[in-house]
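Just so we're on the same page: letters track the sequence lines, and every chain starts at 1.
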Protein chains: 2
Amino acid sequence: MKLSTKGHYGVKAMFDLAQHYGEGPIPLKSVAERQDLSEHYLEQLIAGLRKAGLVKSVRGAQGGYTLAKEPADIRVGDIIRVLEGPIAPVDCVNQEDPDCCDKAEFCITRGVWEKVRDSITGVLDGITLADMVEDFEKAKQVNNFYMYYI
Amino acid sequence: MKLSTKGHYGVKAMFDLAQHYGEGPIPLKSVAERQDLSEHYLEQLIAGLRKAGLVKSVRGAQGGYTLAKEPADIRVGDIIRVLEGPIAPVDCVNQEDPDCCDKAEFCITRGVWEKVRDSITGVLDGITLADMVEDFEKAKQVNNFYMYYI
DNA sequence: TTTAATCCCAAGCAAAATGCTAGGTATTTT
DNA sequence: AAAATACCTAGCATTTTGCTTGGGATTAAA
């Protein structure tokens with residue numbers, strides 16, 4: 001039940017872009033430095049996010065990435081689905097391929113995985129990048145502006 | 001966010017033992033046949049469950065496995081934790097190793113993973129083997145006793 | 001007392017996934 | 001022209017997965 005680094009790092013990067021939303025294109029190098037990630041590896045992850053329409057890129061000097069939508073319109077679940085594939089603890093409850101389990105209607109253990117899937121989906125689709133930025137701002141105040149962020 | 005076959009098969013096997021609870025030791029061979037799993041592979045999984053005190057074994061002919069507790073006292077989460085390790089989408093929210101993330105108190109993305117972890121834990125610890133057997137019996141009636149079970 | 005059924009144990013192993021790195025090319029601003 | 005960026009492809013060591021193989025130990029039943 002682990003997320004790979006793809007989803008983990010991808011959410012970090014998207015959170016970073018959300019923090020700088022409205023500041024024009026953010027070079028990946030700066031994201032990688034702030035979030036302490038390999039720039040080259042991050043490139044591969046963000047390529048998927050770009051193809052999925054979650055970020056836009058500007059090439060050339062002074063270029064970089066921006067969110068393609070407002071932070072409030074990007075859910076963590078959207079990011080995870082791009083980077084990790086469908087949210088499904090086992091393949092037989094993959095909503096994007098409903099016919100993959102031929103004994104589905106008779107399977108009892110399946111009910112468990114459906115509940116797990118729905119609960120994960122609920123959490124991940126219930127949190128937007130705007131929510132995360134808001135939480136960050138609140139935490140900043142509590143911690144009196146002495147903050148690291150990861 | 002996938003379960004490995006260990007957790008998947010392990011829950012199937014434990015559900016099978018729950019269905020036969022009170023019938024004396026159930027040989028693994030029959031479990032493997034009913035659940036369509038490799039017997040040898042299942043052996044490895046159930047070895048862990050035995051060491052964790054979830055099943056008891058009886059050696060020799062007419063031997064087999066039984067649940068070590070009543071089905072109502074074994075939660076799916078107990079099985080998953082034995083076979084898959086701690087429930088934590090990323091290592092930094094592993095409850096069994098709280099100090100693994102040194103920047104924990106400042107990390108915003110961490111809040112997301114904690115919510116995911118808690119929601120998964122809630123589902124898995126909210127379902128016992130007795131619940132599953134009960135669901136199965138209900139489904140059997142609805143389907144007029146023509147049932148496969150997996 | 002033999003035989004069969006069962007649990008138990010250790011090793012091996014191919015295939016896939018993971019988590020990168022390396023080394024470029026294309027594009028744009030300065 | 002130079003620098004800064006995005007973009008692309010390949011490679012690759014390590015780990016994990018999902019088993020299989022080949023036994024040995026224990027016990028009930030014939």
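Under the 4.5 Å side-chain heavy-atom criterion for Ile, Leu, Val, Met, Phe, Trp and Tyr, A/Val123 and A/Val133 are members of the same hydrophobic cluster.
The residue among A/Gln62 and A/Ala47 whose nearest nucleotide of DNA chain D is located toward the 5' end is A/Gln62. Positionally, the nearest nucleotide of DNA chain C for B/Ser57 lies more toward the 5' end than for the other of B/Ser57 and A/Val58.
Side-chain N/O atoms of B/Gln44 and base N/O atoms of C/dC9 include no donor-acceptor pair closer than 3.5 Å. Residue A/His40 places no side-chain atom within donor-acceptor reach of the base of C/dG19, judged by atom type and a 3.5 Å distance cut-off alone.
Rounded to a whole Å, the OH atom of B/Tyr65 is 12 Å from the P atom of C/dT6. Between A/His8 atom NE2 and C/dG19 atom C1' the separation is 14 Å, expressed in whole Å. When rounded to the nearest whole Å, the span between OH of A/Tyr41 and P of D/dC12 equals 18 Å. Taking atom CG of B/Leu83 as the reference point, atom C1' of D/dT16 lies 16 Å away to the nearest angstrom. Taking atom CG of residue A/Leu3 and atom P of nucleotide C/dA17, one finds them 16 Å apart after rounding to whole Å. In this structure, A/Glu84 places its CD atom 9 Å from P of C/dG19, rounding to the nearest Å. Atom-to-atom, CD of B/Glu39 to P of D/dT21 comes out at 13 Å; the value is rounded to the nearest Å. The CD atom of A/Glu43 sits 11 Å away from the C1' atom of C/dG24 (whole-angstrom rounding).
The residue B/Ile26 sits close only to the backbone: its heavy atoms come under 4.0 Å of sugar-phosphate atoms, none of a base. Contacts of B/Ile46 with the nucleic acid, taken as non-hydrogen atoms under 4.0 Å apart, are absent.
For B/Glu39 (side chain) and B/Leu28 (main-chain N/O), no donor-acceptor pair under 3.5 Å exists by modelled atom type.
Shown here is B/Lys2, whose NZ atom has more than 12 heavy atoms of other residues, nucleotides or ligands within 6.0 Å.
Proximity of A/Arg117 to A/Pro89: side-chain heavy atoms (C-beta onward) are separated by under 4.5 Å at one or more points.
Between A/Tyr9 and C/dC20, a side-chain N or O to OP1/OP2 separation shorter than 4.0 Å is present. Phosphate proximity of D/dA6 to A/Arg50: absent, as no side-chain N or O sits under 4.0 Å from OP1 or OP2. OP1 or OP2 of D/dC8 has not a single side-chain nitrogen or oxygen of A/Arg59 nearer than 4.0 Å.
Looking at the side chain of A/Thr5, the nearest of the listed nucleotides C/dC7, C/dC20, D/dA6 is C/dC20. Across C/dT18, C/dC7, D/dC8, the shortest atom-to-atom separation from the side chain of A/Ser4 is found for C/dT18.
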Worksheet item: Would A/Gln35 and B/Thr109 count as a side chain to side chain contact (heavy atoms under 4.5 Å, CB included) if you check the C-alpha gap in whole Å, the side-chain angles of each, and the deciding distance to 0.1 Å?
Response: CA-CA 11 Å; A/Gln35 305 297 328; B/Thr109 66; 6.0 Å; no
